[in-house]
Amino acid sequence: MINWKNLDELASYGELQKTERVNLAEVMSGESGAQRVKTCSIPMAEGLSYNYAAKAVDGKVIDALVKLADEAQLTEKYKALYNGEVINTGEKRLVLHQLTRGQLGDTVVADGVDKRAFYVEQQKRIADFANKVHAGEITNEKGERFTTAVQIGIGGSDLGPRAMYIALENWAKKTGNFKMEAKFISNVDPDDAAAVLASTDVAHAIFILVSKSGTTLETLTNQSFVMDALKKQGLDPAKHMIAVTSETSPLAKSKDYLDAFYMDDYIGGRYSSTSAVGGAVLSLAFGPEVFADFLEGAAAEDKLATEEDPRKNAAMLDALIGVYERNVLGLPATAVLPYSQALSRFPAHLQQLDMESNGKSVNRFGEPVSYVTGPIIFGEPGTNGQHSFYQLLHQGKTIIPLQFVGFRNSQIGTDVEIQGSTSQQKLCANVAAQIVAFACGKKDENRNKNFEGGRPSSIIIGDQLNPKTLGALLAHFENKVMFQGFLWNVNSFDQEGVQLGKVLAKRVLAHDTEGALSVYSDLLNI
């Protein structure tokens, strides 16, 4: 039987709080540090590995975290989730994003439908559609091929798919898998849509409208913006648009679209990159085979997350250490630092994934919790970030845990040697140096040049960023966030916090305002 308890109700959490603090600078120096790097590593899917040597933990802390994982029933709760129990208590829904990429447990039937079969059916429909577009069987109204795909969506309908597209764009060009350029319109700011359309051959563009409900204000506004641009060129919008939506939305089975592909209420927006939300644009851009590889990598990592022992489960241990840092060490934020330009938008996606999921102050039953929950997430690719906010990370008064991601090889496979080393070697040298610099610091009599060290970090390392490793990387963080939500006993799968602003914005547009809202409306000339 599963017990949903608050973190501070668990006896093992009390034991964790009593564990002796680790002097990170000390244990990471000299031979001790070398041994930690060699031994504190957990294999992940697709050749990735999670190394936590530079985290402020030791054997006693890890043992306490293992007890916490057991008492919190993390494995059992994950199993309940992928077997179709109602985990999203706020909206009384199942949580099935893992099912978009594989079957981990029992057959899940909801609304009289085998949900795995439903997701596979949509993937096959998308693959067939994309193949016909690439073959010139589906064309614009003049019989000409589409050359660009433009996704119209916001939040999870934009951040994840955009990050995944950017991550694979150069890889696809290098490997011959690049089929079409993809662009994204998300902000209701008209400058966003105008800029994308100005740089797009609209006559040869296929637009992907993504809205689960079919009523998202920003998305429908941008759809109107695009439809107007098509009509001004004498083009029929219905010949240039497809929809990704739910079967019950106004967009489903509409004559206004070439076709419609379906998602459902059991896939949260921020968890939707492996559903039709990401599937349509990624299949059009790179081909269905590449999207299938992406799903395969995610499925392989999901399977590893079922491992009961946190010492062998990278996502679970990453989550546990994160809770230890947040709730015991009192560290408020986490910086995500990919040393890969292809992952330039990955931190932005993780901001939504993590902060929208676990930024909660009540538990699964709506009761206030007395401890902090999700951390602040921010980040930027290395080495750019080193010349920006790393100053605060190294010498600021706030210690911020760091999550590095690095690859031994670049995506392009070619490089130039300058001063005895290649660009890729310089990139990897920087990430190695930063981990040790943050952990160990440097003593200097000049206080301005003194580095205290003790700044914890982990790193996920792989050979190369490709569809499978990207899928595994995405699933790792999705599962980490899930496990942390279980530990904090919050509902990681609703997002009521984004709703109030939407309601008030509608009131402003309807001129139904008073007080401060009325004055701000006047100031902004609404």
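Predicted model only: the values in this text are computed from it and were never measured. Just so you know, residue 1 is the first one in the sequence shown, and it goes up from there.
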If you compare all heavy atoms of T274 against all heavy atoms of F291, which two are closest, and at what distance to 0.1 Å? O-CZ, 3.8 Å

Between F438 and Y390, is the gap from one ring center to the other below 6.0 Å? yes

Do L284 and V133 have side chains that approach each other closer than 4.5 Å (heavy atoms only, starting at C-beta)? yes

Mark yes or no for whether D70, through its side chain, and V66, through its backbone, hold a donor-acceptor pair below 3.5 Å. no

Over-ring placement of K442 relative to F451, 6.0 Å and 45° cut-offs: no

What are the two closest non-hydrogen atoms of G322 and Q484, and how far apart are they? CA-NE2, 3.5 Å

Would one find more than 12 heavy atoms of other residues, nucleotides or ligands at under 6.0 Å from atom CD of Q73? yes

Distance col, row T19:OG1 vs L16:CG, nearest 0.5 angstrom, shows 5.0 Å

To the nearest 0.5 Å, what is the distance between OG1 on T469 and CG on N466? 3.5 Å

Backbone of N187 reached by a side-chain donor or acceptor of D192 within 3.5 Å: yes

Using the ring of each side chain (for Trp, its six-membered ring), is F493 parallel, tilted or perpendicular to H97, with breaks at 30° and 60°? tilted

Backbone of G269 reached by a side-chain donor or acceptor of S272 within 3.5 Å: yes

Looking only at atom types and distance, does a side-chain atom of Q351 sit under 3.5 Å from a main-chain N or O of I377, one as donor and one as acceptor? yes

Here's a test for you: under side-chain contact (heavy atoms from CB on, under 4.5 Å), which of Q151, K183, R345, H349 qualifies with R162? R345

Under the side-chain hydrogen bond (donor to acceptor under 3.5 Å, both in side chains) criterion, do T383 and N430 qualify, and how do the steps go? CA-CA 7 Å; T383 56; N430 271 279; 5.6 Å; no

Look at the rings of Y165 and F178 and say which category their plane angle falls in: under 30° parallel, 30 to 60° tilted, over 60° perpendicular. tilted

Side chains of I87 and F486, heavy atoms from C-beta outward: is any pair under 4.5 Å? yes

Does some side-chain heavy atom of L473 sit less than 4.5 Å from a side-chain heavy atom of L343? yes

Between E356 and V498, does the side chain to side chain contact (heavy atoms under 4.5 Å, CB included) criterion hold? Intermediate values first, please. CA-CA 8 Å; E356 195 169 87; V498 306; 3.5 Å; yes

Which heavy-atom pair separates A475 from R101 by the least distance, and what is that distance? CB-NH2, 3.9 Å

Would N358 and S492 count as having a side-chain donor-acceptor pair, cut-off 3.5 Å? yes

Under 4.5 Å between any side-chain heavy atoms of P332 and R326, yes or no? yes

State the CD1-CG distance between I435 and L402, to the nearest 0.5 angstrom. 9.0 Å

Just do the side chain to side chain contact (heavy atoms under 4.5 Å, CB included) check on V277 and M263 with the steps written out, would you? CA-CA 8 Å; V277 173; M263 52 176 154; 3.4 Å; yes

Parallel, tilted or perpendicular for F389 and F378, by the 30°/60° rule? perpendicular

Pair Q403-D318, side-chain hydrogen bond (donor to acceptor under 3.5 Å, both in side chains): steps then yes or no: CA-CA 10 Å; Q403 206 140 32; D318 196 0; 2.6 Å; yes

Looking at E15 and K67, is there a salt bridge between them, counting it only when a charged N and a carboxylate O are closer than 4.0 Å? yes

Do E71 and S12 have side-chain N/O donor and acceptor atoms under 3.5 Å apart? yes

Working for salt bridge (Lys or Arg N to Asp or Glu O under 4.0 Å), residues K360 and D494: CA-CA 10 Å; K360 310 290 173 65; D494 68 1; 2.9 Å; yes

Within the structure provided, determine whether M44 and S49 are in side-chain contact (heavy-atom separation under 4.5 Å). no

Does Q103 form a side chain to side chain contact (heavy atoms under 4.5 Å, CB included) with Y82? I'd like the steps, not just the answer. CA-CA 8 Å; Q103 188 90 47; Y82 62 69; over 6 Å; no

Is any side-chain N of the basic residue among D264 and K212 closer than 4.0 Å to the acidic one's carboxylate O? no

Stepwise, does the side chain to side chain contact (heavy atoms under 4.5 Å, CB included) test hold for K480 with M316? CA-CA 6 Å; K480 173 190 175 181; M316 188 182 290; over 6 Å; no

Donor-acceptor check, side chain of Q425 to backbone of T422, threshold 3.5 angstrom: yes or no? yes

Is it true that D309 and R311 have a side-chain N and a carboxylate O under 4.0 angstrom from each other? yes

Just to verify, which of T373, L68, V369 counts as forming a side-chain contact (heavy atoms from CB on, under 4.5 Å) with L7? L68

Around atom NZ of K426, are there more than 12 heavy atoms from other residues, nucleotides or ligands closer than 6.0 Å? yes

Are K55 and L24 side-chain neighbours, meaning at least one heavy-atom pair lies under 4.5 Å? no

Quick check: do V22 and V27 have side-chain heavy atoms less than 4.5 Å from each other? yes

Over all heavy atoms of both residues, which pair between T100 and L295 is shortest? Give the atoms and the distance, please. O-CD1, 4.1 Å

Check for a donor-acceptor pair, side chain of R116 on one end and backbone N or O of L99 on the other, with a separation under 3.5 Å. yes

Measure from the side-chain N and O atoms of N489 to the backbone N and O of N363, and report whether any donor-acceptor pair falls under 3.5 Å. no

Any donor-acceptor pair under 3.5 Å from Q464 side chain to N409 backbone: no

Rounded distance [0.5 Å steps], OG in S273 versus CG in L282: 7.5 Å

For Q424 and R408, run side-chain hydrogen bond (donor to acceptor under 3.5 Å, both in side chains): C-alpha distance rounded to whole Å, both residues' side-chain angles, the deciding distance at 0.1 Å, then the answer. CA-CA 8 Å; Q424 184 67 22; R408 300 178 188 92; over 6 Å; no

Which distance, rounded to the nearest 0.5 Å, do you find between the CD of Q98 and the CG of N83? 11.0 Å

Determine, for E296 against K468, whether the closest basic-nitrogen to carboxylate-oxygen distance falls under 4.0 angstrom. yes

Heavy atoms only: give me the nearest I400-A335 pair and the separation to one decimal. CG2-N, 3.8 Å

Is it true that a side-chain atom of E325 and a backbone atom of P401 form a donor plus acceptor pair closer than 3.5 Å? no

Does some side-chain heavy atom of L317 sit less than 4.5 Å from a side-chain heavy atom of N313? no

Is K443 reaching over with its side chain to a backbone N or O of E452, donor-acceptor style, under 3.5 angstrom? no

Check the pair S357, Y271 against side-chain hydrogen bond (donor to acceptor under 3.5 Å, both in side chains), reporting the backbone distance first and the verdict last. CA-CA 10 Å; S357 294; Y271 297 95; 2.8 Å; yes

Spacing of CG belonging to N177 relative to CD belonging to E169, to within rounding of 0.5 Å: 13.0 Å

Flag yes if more than 12 heavy atoms outside K173 fall under 6.0 Å of its NZ atom; otherwise flag no. yes

Do Y78 and F483 have ring centres separated by under 6.0 Å? yes

